[in-house]
Amino acid sequence: MRVNSEGVSASRVYLPADQAHANLLSFFVMQFPHIAKEEWVCRFNEGLILDQEGHALAVNDAYLPNTHLIYFRRLEREPEIPFQESILFQDEHVLVADKPHFLPVTPSGLYLHQTLLNRLKKTTGIQTLSPIHRIDRDTAGLVIFSVNPNERAQYQNLFRDRVVKKVYEAIAPYTKELDQKLPMNYQSRLEESEHFLQMHEVQGEPNSDTLIEILEVNAPYARYRLTPGSGKKHQLRCHLNSLGVPIKNDQIYPILTPYQEYDLDFSNPLQLLAKEVSFQDPITGQPRVFSSQKTLDL
């Protein structure tokens with residue numbers, strides 16, 4: 001896999017023989033109509049369109065059928081995330097990173113360079129890194145990456161088969177009423193709501209479950225230990241919100257607050273931390289136990 005100096009992976013495009021174009025720019029404009037012609041001109045001018053040998057191409061270069069070209073994504077403006085990740089463990093099979101709040105795991109939307117994946121590719125030089133699970137960009141804590149592409153599926157299957165134990169911590173309001181019910185295994189059916197960013201509970205057979213415990217109280221807040229048995233989108237945030245104790249600084253539950261994408265407020269991160277991950281390594285057969293070095297202030 002080819003990457004640029006910033007650790008960003010390339011995409012490949014095939015030039016079919018049944019097409020004819022005046023030049024390469026003409027082909028890219030037709031092939032990707034959702035991308036403006038001016039954007040392709042900028043990519044060519046910045047050396048982001050390459051042939052298979054890695055040579056930069058120009059807008060007026062000839063269209064050569066039955067060949068592949070390499071191109072890189074480009075962002076004119078990207079939010080800067082001023083927090084650093086750390087690598088807790090690395091061997092020839094996996095890399096375990098401790099992610100800060102606000103940093104996306106993989107490129108999407110406005111984020112390309114400012115993602116955990118591309119930062120790690122750049123710092124380690126390992127271009128085959130691939131996350132075997134995800135956490136929200138609002139959430140801090142552990143993310144595990146596969147190093148060897150041939151082993152990736154075996155690690156991903158651990159999460160698919162729910163044989164990975166994940167433990168989170170959260171800061172949320174404290175109520176005596178809830179405290180008297182804990183620990184509890186909270187179950188509900190979660191479905192997407194009318195707004196794609198939010199999930200909500202509906203009637204029906206439960207498809208999500210979370211073991212909820214209180215670790216520490218400092219009223220009006222408490223530190224909760226959350227052990228999900230399933231992996232639904234926003235499960236932990238939904239479950240605590242449904243119990244009347246939404247996670248501190250949550251901008252989605254109970255009220256959806258629009259993100260200020262470029263002028264981010266870093267002063268109030270979501271108080272949710274992926275604290276522990278443990279599993280039996282499918283390659284080495286050894287037990288793996290990892291713990292985040294990050295903490296949430298109560």
Side-chain angles (χ1 to χ4, degrees), residues 1-79 81 85 90 92-95 97 99 103-135 137 143-157 159-160 283:
M1 180 183 296
R2 188 182 296 275
V3 298
N4 66 10
S5 61
E6 296 298 320
V8 178
S9 298
S11 298
R12 298 176 74 224
V13 62
Y14 177 70
L15 280 58
D18 59 355
Q19 295 183 19
H21 296 276
N23 52 40
L24 289 180
L25 177 61
S26 173
F27 165 73
F28 276 94
V29 171
M30 189 211 72
Q31 184 74 13
F32 303 96
H34 60 288
I35 300 177
K37 177 180 179 179
E38 293 74 18
E39 169 62 20
W40 287 117
V41 171
C42 289
R43 293 194 196 187
F44 275 105
N45 292 341
E46 293 180 18
L48 298 178
I49 313 293
L50 313 172
D51 63 18
Q52 286 288 82
E53 285 70 46
H55 302 126
L57 299 170
V59 291
N60 291 320
D61 281 349
Y63 178 88
L64 300 177
N66 295 321
T67 60
H68 284 90
L69 299 183
I70 298 167
Y71 66 94
F72 290 91
R73 184 180 169 198
R74 170 182 170 274
L75 285 177
E76 288 192 13
R77 185 182 179 196
E78 182 175 0
I81 307 302
E85 69 283 354
Q90 180 182 343
E92 66 270 30
H93 307 293
V94 296
L95 181 151
K99 185 184 85 68
L103 184 69
V105 174
T106 57
S108 65
L110 297 176
Y111 295 90
L112 178 60
H113 305 290
Q114 294 293 306
T115 61
L116 181 61
L117 176 61
N118 282 337
R119 283 186 179 185
L120 291 173
K121 284 183 177 181
K122 185 177 180 181
T123 57
T124 66
I126 303 173
Q127 305 307 330
T128 55
L129 285 178
S130 179
I132 58 176
H133 67 117
R134 309 288 174 90
I135 61 175
R137 68 173 172 136
V143 183
I144 303 175
F145 293 80
S146 167
V147 173
N148 188 334
N150 296 326
E151 301 171 350
R152 185 178 306 152
Q154 296 179 68
Y155 285 106
Q156 290 174 330
N157 289 345
F159 288 85
R160 181 201 65 188
I283 306 300

Self-check item: Value rounded to 0.5 Å, distance of CG in N118 from CD in Q127
Solution: 8.5 Å

Practice problem: Could I get the full list of ring pair (Phe, Tyr, Trp, His ring centres under 6.0 Å) partners for F159, not counting sequence neighbours? | Solution: H133

Quiz item: Partners of E85 by salt bridge (Lys or Arg N to Asp or Glu O under 4.0 Å), sequence neighbours excluded?
Solution: R119

Self-check item: Counterpart residues, side chain to side chain donor-acceptor pair (under 3.5 Å), relative to N45 (two or more places apart)
Solution: none

Exercise. To the nearest 0.5 Å, tell me how far I70 CD1 sits from L48 CG.
Key: 12.0 Å

Practice problem: Quick one: sort the H21 and F27 rings into parallel, tilted or perpendicular, breaks at 30° and 60°. | Solution: perpendicular

Quiz prompt | side chain to side chain contact (heavy atoms under 4.5 Å, CB included) between L57 and F44, intermediate numbers included | solution = CA-CA 6 Å; L57 299 170; F44 275 105; 4.2 Å; yes

Exercise. Report the residues that fulfil side-chain contact (heavy atoms from CB on, under 4.5 Å) with N148, sequence neighbours left out, ordered by chain and then residue number.
Key: N150, E151

Quiz prompt | Minimum side-chain heavy-atom gap Q52-T67 below 4.5 Å | solution = no

Exercise. Name all residues meeting the side-chain contact (heavy atoms from CB on, under 4.5 Å) criterion together with Q90; count only those two or more places apart in sequence or in a different chain, and write none if there are none.
Key: I87, L95, T124, I126

Quiz item: What's the shortest heavy-atom distance between F145 and A97, and which atoms?
Solution: CE1-CB, 4.2 Å

Self-check item: Reported OG-to-CD distance for the pair S146 and Q156, which is rounded to 0.5 angstrom
Solution: 7.5 Å

Exercise. Could you list the residues that satisfy ring pair (Phe, Tyr, Trp, His ring centres under 6.0 Å) with Y14, not counting sequence neighbours?
Key: H68

Exercise. Could you pull out all residues at least two apart from V29 that satisfy side-chain contact (heavy atoms from CB on, under 4.5 Å)?
Key: L25, K37, W40

Practice problem: Kindly indicate, with the supporting measurements, whether the criterion side chain to side chain contact (heavy atoms under 4.5 Å, CB included) is fulfilled by I144 and Y155. | Solution: CA-CA 9 Å; I144 303 175; Y155 285 106; 6.0 Å; no

Quiz prompt | Note, V59 side chain near F28 side chain (heavy atom, < 4.5 Å) | solution = no

Quiz item: Distance from Y71 atom OH to L50 atom CG, nearest 0.5 Å?
Solution: 12.5 Å

Quiz prompt | Side chain proximity check, L129 to V147, heavy atoms < 4.5 angstrom | solution = yes

Self-check item: Pairing residues for D61 by the side chain to side chain donor-acceptor pair (under 3.5 Å) criterion, not counting sequence neighbours
Solution: none

Quiz item: Considering residues at least two apart in sequence or located in another chain, which fulfil the side-chain contact (heavy atoms from CB on, under 4.5 Å) criterion with R160?
Solution: N157

Quiz item: How far apart are the closest heavy atoms of P65 and A17, and which atoms are they?
Solution: CB-CA, 3.6 Å

Practice problem: Output the distance between atom CZ (R134) and atom CG (L117), rounded to the nearest 0.5 Å. | Solution: 8.0 Å

Quiz item: Is there a side-chain contact between L24 and L15, using heavy atoms and a 4.5 Å cut-off?
Solution: yes

Quiz item: Does R43 have any salt bridge (Lys or Arg N to Asp or Glu O under 4.0 Å) partners at least two apart in sequence or in another chain, and if so, which?
Solution: E39

Quiz prompt | Q31: side chain to side chain donor-acceptor pair (under 3.5 Å) partners, not counting sequence neighbours | solution = none

Quiz prompt | Side-chain donor or acceptor of R152 paired with backbone N/O of T128 under 3.5 Å | solution = yes

Quiz item: Between atom CG of D51 and atom CG of L69, what is the distance when rounded to the nearest 0.5 Å?
Solution: 7.5 Å

